[in-house]
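Within every chain, numbering begins at 1; the chains are lettered A, B, ... in the order of the sequence lines, protein sequences first and strands thereafter. For the numbers below, each heavy atom of this structure counts, side chains included, while hydrogens, waters and symmetry mates do not.
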There are 2 protein chains.
Amino acid sequence: MSVSRVINDNPSVKAETRARVIKAIAKIGYAPNDAARMLKGRSGRTIGLVVPDLSDYFASCFHAIQKVAIQHNYQTLVVATGRIAAVEDRQLESLRNHRIAGLLIVPSGSNGRRLKMLQDCGIPIVALDRPAAGIQADTVLVENREGAELGVRHLIEHGHKKIVCVGFDSGSYTVRERIEGYKQAMRGAGLQPILCDNVNTLEAMQSLVLRWSTGKNRPTAVFSVKRISSVLLIQALHFHKIRVPEQIAVVGFDDFELAEVLGTPLTVVRQSPTDVAHTAAELLFKKISSVKEGRLPEQKAAKVLFPVELIVRRSCGCPK
Amino acid sequence: MSVSRVINDNPSVKAETRARVIKAIAKIGYAPNDAARMLKGRSGRTIGLVVPDLSDYFASCFHAIQKVAIQHNYQTLVVATGRIAAVEDRQLESLRNHRIAGLLIVPSGSNGRRLKMLQDCGIPIVALDRPAAGIQADTVLVENREGAELGVRHLIEHGHKKIVCVGFDSGSYTVRERIEGYKQAMRGAGLQPILCDNVNTLEAMQSLVLRWSTGKNRPTAVFSVKRISSVLLIQALHFHKIRVPEQIAVVGFDDFELAEVLGTPLTVVRQSPTDVAHTAAELLFKKISSVKEGRLPEQKAAKVLFPVELIVRRSCGCPK
DNA sequence: ATGAAAGCGCTAACAA
DNA sequence: TTGTTAGCGCTTTCAT
């Protein structure tokens, strides 16, 4: 049967026939078999999204991406790697079998060989939030360094000299960049960077804070490199009854829903995950249609860099 | 070629041949085409997950589900409906084409016809968080009513008489159930329920709170039906400088990461999304393997109900 | 233990 | 405008 023509909106089919077909479809509840269509060469209507996890930031990304995908009539296959390179590798392999039409990825440190293979299969890839090692692909990032510098400089302008940077999971690109930004700001002001790296648990954070509060020579301000570390920091400060910003001022990278409602509303460097994700998705679909129409992929990979902004609340010491 | 045999672990292949094949596969980077395999009848190695959104609660669900899926060597196709029945319908239709092996769904109000069609295609379905209308399927829920009752009774035990229930999006099953629980608790104590329904924006919440603080006859306690309403409520109370629990006591349904670190730590009724999701996923894979082995589906749909617990912090007025 | 043939549901190209 | 043919890459069955 040339039901196919109706399904694919082929104009050369008589109105009456089309109507009959449509009725029949509705009647028997027919649905085309995607597997067969894509076996026949039509790239499937699914894109892959690989993220470290779906907490907060990446959930926002997902929503922005799915919105674009739905507009293009695509579905989204999500993979959370838990930041484990081995998992990422395995999942990328599965995605390769899946013959997805394109891939959005927040790389969490696998070596890029698998990515390269996907790309060699002709699957367009766009990296977001972090650059992808081992391949050349479009990349959408935010100004991590500049943002961190911005936040730390704000603390410096408040007159702070001993400003600690608390890190978390410094294996990640974004954290490393932000730490660089912190160092730049400190050096730029002739101050000594004090880095507390890899404070990954509440316990670690609490003992760190305890050390500050008992030791002499305590820091007067803290810059936290990401949402989680901000949350842990706030919990720990709260636990040890240290007042913010009176005893210690705080600025964090990444805004979050409740930052405004905390005991002391948190001053943050805000980025826009939806902008990043939306742009990455658009870029991907542009590439996908390029591929479909048989155009050669453009040689130069696009790099998009989004700005960040400082949201001043109370934790930095500003009057409000 | 009988590469197939190697890939599918068919025992009848000489060790030496197998070795050669494996080497060849590695060399040319061969990957089996899932589309072709599933065209041939093998059900695909993808399950669908349909949720209203991926905020917080459902993100936890996703992680729990993906964990189970990966164990079974499946991938997860996520669809967020934004609580729009039309979107849910369209996406379910797409999932049907996708020939997914099973479906986990948090139904957001579509009429169930599409679900029925999927089920009629032989696709196992498990509903979680809310029951699915229009079909008979395994369902995993939490004790919404009982939980709300528990929370409200706690406020009553503190001596409160005027306890408002602030709702959000009362179209949703969980909210309706919790409101029922609230009413039950109030009536059980001979108190008059005061329901503020569908307070869906910060502005609405703020004007509500303003009314309380200016009017006579103000409530002395509030029960919030879900995380978002708790957050809005806290923001609004904060905005109007109303002290918790001195001027008004608060208990909310659903725990969240920062509940403990708020100006006043929030007393909540906690449920476990991971338990719910994990159980639902296990149930689904049990059904999937039933189907694969050609066993008849069991007649009776399973209903699993998870308990909730009251996490006492300070917002209810407990000394702590 | 391995090869050959058929067919899953679809669509692109051609024939009527 | 419609029907026919072939083949996408795999697995199942049967033959070697």
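An OP1 or OP2 oxygen of D:dT11 is reached within less than 4.0 angstrom by a side-chain nitrogen or oxygen of B:Ser4. The side chain of B:Thr17 contributes an N or O atom lying less than 4.0 Å from OP1 or OP2 of C:dT2.
A:Asp34 places its CG atom 13 Å from the C1' atom of C:dT11, with the value rounded to the nearest Å. The CZ-P distance, from B:Arg45 to D:dC10, rounds to 16 Å in whole Å. Across the protein-nucleic acid pair, A:His98 atom NE2 and D:dC10 atom P stand 15 Å apart, rounded to whole Å. One can place CZ of B:Arg37 at 14 Å from C1' of D:dT12, the figure rounded to the nearest angstrom. The separation between B:Met38 atom CE and D:dT11 atom P is 13 Å, rounded to whole Å. Between the C1' atom of C:dT11 and the CD1 atom of A:Ile7 lies a distance of 11 Å, rounded to the nearest Å. Atom CG of B:Asn97 and atom C1' of C:dG9 are 13 Å apart (whole Å). Atom-to-atom, NZ of B:Lys40 to P of C:dG7 comes out at 9 Å; the value is rounded to the nearest Å.
For B:Val13, the listed nucleotide lying nearest its side chain is C:dT2; candidates were C:dG9, C:dT2, D:dT1. For A:Leu39, taking side-chain heavy atoms from C-beta onward, the closest of the listed nucleotides D:dC10, C:dG9, D:dT2 is C:dG9. Minimum atom distance to the side chain of A:Asn33 is reached by C:dC10, of the listed C:dG3, C:dC10, C:dA1.
Remark: side-chain polar atoms of B:Asn8 are not paired, donor with acceptor, to backbone N or O of B:Asn10 under 3.5 angstrom. The closest donor-acceptor contact from the side chain of B:Gln119 to the backbone of B:Gln136 lies under 3.5 Å. In terms of modelled atom types and a separation under 3.5 Å, the side chain of A:Lys287 and the main chain of A:Ile125 share a donor-acceptor contact.
For B:Arg99 against C:dG9, no side-chain N or O and base N or O form a donor-acceptor pair under 3.5 Å.
Applying salt bridge (charged side-chain N to carboxylate O under 4.0 Å, His left out) to A:Asp169 and the options A:Arg178, A:Arg83, A:Arg176 leaves one that passes, A:Arg83.
Comparing B:Glu16 and B:Ala36 along DNA chain C, the residue whose closest nucleotide (by nearest heavy atom) sits nearer the 5' end is B:Glu16.
Checked against side-chain contact (heavy atoms from CB on, under 4.5 Å), B:Ala101 has the following partners two or more places apart in sequence or in another chain: B:Ser43, B:Tyr74, B:Ile288.
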